[in-house]
Amino acid sequence: MTESPPARIFADPAEACRTLAAELVELVTAINASDRPAVLGLATGRTPLPFYAELIRLHRAGELSFAQVITFNLDEYLGLPAGHPESYHSFMRRELFDHVDIPVENVHIPDGMVAPENLAAHCAAYEDAIRAAGGIDFQLLGIGRTGHIGFNEPGSPRDSRTREIELDPITRQDAAPSFGGLDQVPTHAISMGCGTILEARKIALLAWGSGKAAIVKEALTGPISDRVSASFLQEHGDATFYLDAEAGSAL
Ligand code: GLP
């Protein structure tokens, strides 16, 4: 028995992000009031940029503190040092962490430079750290053109955990402009698995623009299948799609 996750369609990304950010402030405040840190799963890519900008605005306005927030990022490219401008470590510092009051020890992102012989242990430790933090309260997601969440490319099982993934050619093509050419794009990444993501208590998937309309429709209304890892969200009790009018235009 499944019910499609709700899709909320907004006039534009800014309005969607204002709405979701206000909801997140409420959630973090309520969790912190119960005297525990709020655990957030964070995403990268162009999509969450206006959302992070709104979180920074709310922080500056004194409405949101990250002092009692723990974060886990979905993924990181393999072979990129944290200081590489396209690493997700750099992205997160630039777009969010450098502008808010999150304690550095509360931030978790997979290490793209982990040695091959340590990779399995690194991934297992990432899972352990999520569990030790009490699990993810709120998971932010984008969606790739292959339907991936995190870097869970087609074929990623429903119960997959944090692991090494070979990137789909479409995903690498999409990343090529920011890397300055396809040959510069890493071939592999570390990503939380579908199973890791689905254990988050609340999930918000963001998508903007007509380029995402077809895959959004497929994820929300197509068969639940490892061909489109976002389709697994249909089986999550508290996953919501936040869309602009264009991304929701095929629904
Ligand atoms: C990358 C990220 C995903 C993201 C996707 C879409 O593959 N690993 O988390 O959702 O890109 O990117 P964009 O938001 O730039 O469209």
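Each ligand, and each atom within it, is numbered from 1 in the order the structure gives. For the numbers below, each heavy atom of this structure counts, side chains included, while hydrogens, waters and symmetry mates do not. Index from 1, following the sequence.
- Checked for salt-bridge contact, Arg18 and Glu15 miss the test: no charged N lies under 4.0 Å from a carboxylate O.
- For atom 9 (O) of ligand 1, the nearest non-hydrogen atom from the set Ser191, Gly150, Gly209, Ala207 belongs to Gly150.
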Could you go through residues 114-135 and list every donor-acceptor pair under 3.5 Å that involves a side-chain atom there, pairing it with any protein atom two or more places apart or in another chain?
residue : atom : partner : partner atom : Å
His122  : NE2  : Asp111  : N            : 2.9
Tyr126  : OH   : Asn73   : N            : 3.0
Tyr126  : OH   : Asn73   : O            : 2.6
Tyr126  : OH   : His108  : O            : 3.1
Glu127  : OE1  : Arg161  : NE           : 3.2
Glu127  : OE1  : Arg161  : NH2          : 2.9
Glu127  : OE2  : Thr162  : N            : 2.8
Glu127  : OE2  : Thr162  : OG1          : 2.7
Glu127  : OE2  : Thr196  : OG1          : 2.7
Asp128  : OD1  : Arg131  : NH1          : 3.1

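- The nearest non-hydrogen atom to atom 10 (O) of ligand 1, considering only Ala43, Pro48, Gly142, Ala175, comes from Gly142.
- With a 6.0 Å radius and a threshold of 12 heavy atoms from other residues, nucleotides or ligands, Arg227 has its CZ atom at or below the threshold.
- A salt bridge links Asp174 with Arg145: at least one charged nitrogen is closer than 4.0 Å to a carboxylate oxygen.
- The aromatic rings of Phe151 and Tyr77 are tilted relative to each other, their planes meeting at an angle between 30° and 60°.
- Numbered from 1 in the order shown, with element, the atoms of ligand 1 that lie under 4.0 Å from a heavy atom of Phe151 read 1 (C), 7 (O), 8 (N).
- Residue, atom and distance of the protein heavy atom nearest to atom 2 (C) of ligand 1 are Tyr88 OH, 3.6 Å.
- Annotation: atom 6 (C) of ligand 1 to nearest protein heavy atom, Ile143 O, 3.6 Å.
- Residue Leu220 holds its CG atom at 8.0 Å from CG of Leu205, rounded to the nearest 0.5 Å.
- With hydrogens left out, the protein atom closest to atom 15 (O) of ligand 1 is Arg46 N, 2.8 Å, a heavy atom.
- What sits closest to atom 8 (N) of ligand 1 on the protein, heavy atoms only, is Asp75 OD2, 2.9 Å.
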Could you list the donor-acceptor pairs under 3.5 angstrom formed by side chains in residues 239-251, with sequence neighbours left out?
residue : atom : partner : partner atom : Å
Tyr242  : OH   : Arg8    : NH1          : 3.3
Tyr242  : OH   : Glu23   : OE1          : 2.5
Asp244  : OD1  : Gly209  : N            : 3.1
Asp244  : OD1  : Glu246  : N            : 3.3
Asp244  : OD1  : Ala247  : N            : 2.8
Asp244  : OD2  : Gly209  : N            : 3.1
Ser249  : OG   : Glu246  : O            : 2.6

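- Of the protein's non-hydrogen atoms, His148 NE2, 4.0 Å is the one closest to atom 11 (O) of ligand 1.
- A donor-acceptor contact under 3.5 angstrom links the side chains of His148 and Thr146, judged on distance only.
- Summary of contacts: the protein heavy atom closest to atom 12 (O) of ligand 1 is Gly45 CA, 4.1 Å.
- Scanning the protein for heavy atoms near atom 14 (O) of ligand 1, the closest one is Thr47 OG1, 2.5 Å.
- Among all protein heavy atoms, the one lying closest to atom 16 (O) of ligand 1 is Lys212 NZ, 2.7 Å.
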